[in-house]
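The structure under discussion appears below in the form of C-alpha cells.
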Amino acid sequence: MILEESFYSRATVQVASDLIGCLLVRTLDLDGKRQRLAGVIVETEAYGHADDPASHACKGMTRRNEAMFGRVGRSYVYFTYGSHHCLNVSARSPEAAAGAVLIRGIEPLEGVEEMNRFRQVGDMRLLASGPGRLTQAMQITLDHNGVDMTDPRSGLCILGGSKRSVAATARIGITKAAERPWRFVDPQSPFLSRKARSYS
DNA sequence: CGCTCGATATTCT
DNA sequence: GAATATCGAGCGA
C-alpha cells in the first residue's frame with residue numbers, strides 16, 4: 001500500500017518513527033527497460049521549523065528548502081558538502097509550517113545489482129546505509145526535488161511495510177540541538193552503517 | 001580499528 | 001569568509 005498524504009500529515013517526529021520498516025521505491029529506465037530499485041527504511045531523522053535550530057527551515061523559507069514548507073508527502077532533495085545529495089520527505093502536523101524526515105538508510109531489497117552498478121561496493125552493508133550512499137545507489141539528484149511521493153508515477157514513493165523494532169536516539173552529524181531523540185533506527189537491522197550503529 | 005582531511009554547493013554572517 | 005542533515009581515502013597503532 002502506497003503511503004498517502006494523510007500518513008505524512010502528522011507530527012514530523014511521529015512520521016519519522018513510523019517510516020522505519022516501510023519500503024522506499026524508485027523506478028527508473030535502465031538499459032531501455034523499467035527497473036525497480038527498493039529497500040526497507042531502517043534509519044530516519046526528523047527536522048522541524050523555527051523551533052529546531054538544526055533544521056534547514058529554522059530561518060524561514062529559501063529557494064533550497066521550499067519543499068519543507070509545501071504540501072506533505074513531497075520529496076526534499078538537497079546537495080551538501082559539495083558532493084552529496086540527501087533525500088527527505090516533507091511531513092508535519094496541520095498546525096506546523098514546515099518539517100521533513102531525512103531518510104538516512106535502507107536495507108537493499110530489489111535491484112541490488114543495479115544499485116551496486118552506481119556504487120561499486122563489495123560489502124552490501126555499504127550500498128545504501130547513509131543518506132549520501134542511498135541517493136547515489138538510487139540515482140536520486142536535484143532533479144527529484146519536490147516530486148510527489150504519494151504518486152506512484154513520480155518514480156519515487158514509499159510503501160507501507162511490516163512492523164519492525166524501533167529505537168529513538170540522538171541525531172547524527174549536526175551540532176545544534178543534536179541531543180533531541182529525533183533519530184530512529186531498527187536496531188536489529190544488520191544493514192546499519194558502523195557509524196549509525198555506534199550511535200544507537 | 002580510529003583519527004584527520006579534502007571535496008566544494010548552498011546558505012548565512 | 002565560515003559552517004554544513006557526508007563520504008571515502010590515507011595514515012598510524
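The shown structure was predicted, so the numbers you read here are calculated from the model rather than taken from an experiment. Heavy-atom basis, side chains included; hydrogens, waters and symmetry copies ignored. Every chain is numbered from 1 and lettered A, B, ... according to where its sequence line falls, protein lines coming before strand lines.
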Map Y81(A) and T62(A) onto DNA chain B by nearest heavy atom, then report which one ends up closer to the 5' terminus. Y81(A)

Stem list for DNA chain B, please, built from Watson-Crick and G-U wobble pairs under 3.5 Å and keeping only runs of at least 3. B:1-7 with C:6-12, B:9-12 with C:1-4

Contact class for G82(A) (heavy atom, under 4.0 Å): base, sugar-phosphate, or nothing? base

When you measure from the side-chain N and O atoms of K176(A) to the phosphate of dA5(C), is any distance below 4.0 Å, counting only OP1 and OP2? no

Give the C-alpha distance, both sets of side-chain angles, the deciding distance and a yes or no for side-chain contact (heavy atoms from CB on, under 4.5 Å) between I103(A) and N88(A). CA-CA 6 Å; I103(A) 302 179; N88(A) 299 247; over 6 Å; no

In whole angstroms, how far is the P atom of dT6(C) from the NE2 atom of H85(A)? 14 Å

Hey, is D18(A) close enough to R10(A) for a salt bridge, meaning N to O under 4.0 Å? yes

Base, sugar-phosphate or nothing for Y47(A)? Non-hydrogen atoms, less than 4.0 Å. base

Side chain Y78(A) and base dA5(C) donor-acceptor under 3.5 Å: yes

Salt bridge flag under 4.0 Å for residues K163(A) and D186(A): no

When the P atoms of dC5(B) and dA3(C) are considered, how many whole Å apart are they? 15 Å

Starting from P on dA5(C), measure out to NZ on K59(A) and report it in whole angstrom. 11 Å

Among dA9(B), dC7(C), dT6(C), which is the nearest nucleotide to the side chain of R119(A)? dC7(C)

Which nucleotide in the set dA5(C), dT4(C), dC7(C) lies at the smallest distance from any side-chain heavy atom of T175(A)? dT4(C)

Looking at the rings of H56(A) and Y78(A), which for Trp means the six-membered one, are their centres under 6.0 Å apart? yes

Whole angstrom is fine here: how far is it from CG in L102(A) over to P in dT6(C)? 7 Å

SB check R125(A) D123(A) (cutoff 4.0 Å): yes

Selected nucleotide, minimal atom distance to T80(A) side chain, candidates dT10(B), dT4(C), dT13(B): dT4(C)

Determine the Euclidean distance between corresponding P atoms of dG6(B) and dA2(C); express it in Å to zero decimal places. 15 Å

Do other residues, nucleotides or ligands put more than 12 heavy atoms under 6.0 Å from the CD atom of E179(A)? yes

Considering every strand and a 4.0 Å limit on heavy-atom distances, what is the contact class for N88(A): base, sugar-phosphate, or nothing? base

Between dG8(C) and dT10(B), how many Å separate the two C1' atoms, rounded to a whole number? 22 Å

Before giving the answer on side-chain contact (heavy atoms from CB on, under 4.5 Å), spell out for W182(A) and T12(A) the whole-Å C-alpha distance, their side-chain angles and the decisive distance to 0.1 Å. CA-CA 9 Å; W182(A) 288 0; T12(A) 310; over 6 Å; no

When you get a sec, tell me which of dT11(B), dA5(C), dT13(B) is the closest nucleotide to the side chain of R64(A)? dT11(B)

Nearest-nucleotide pick for H84(A), side chain only, options being dT4(C), dA5(C), dC7(C): dC7(C)

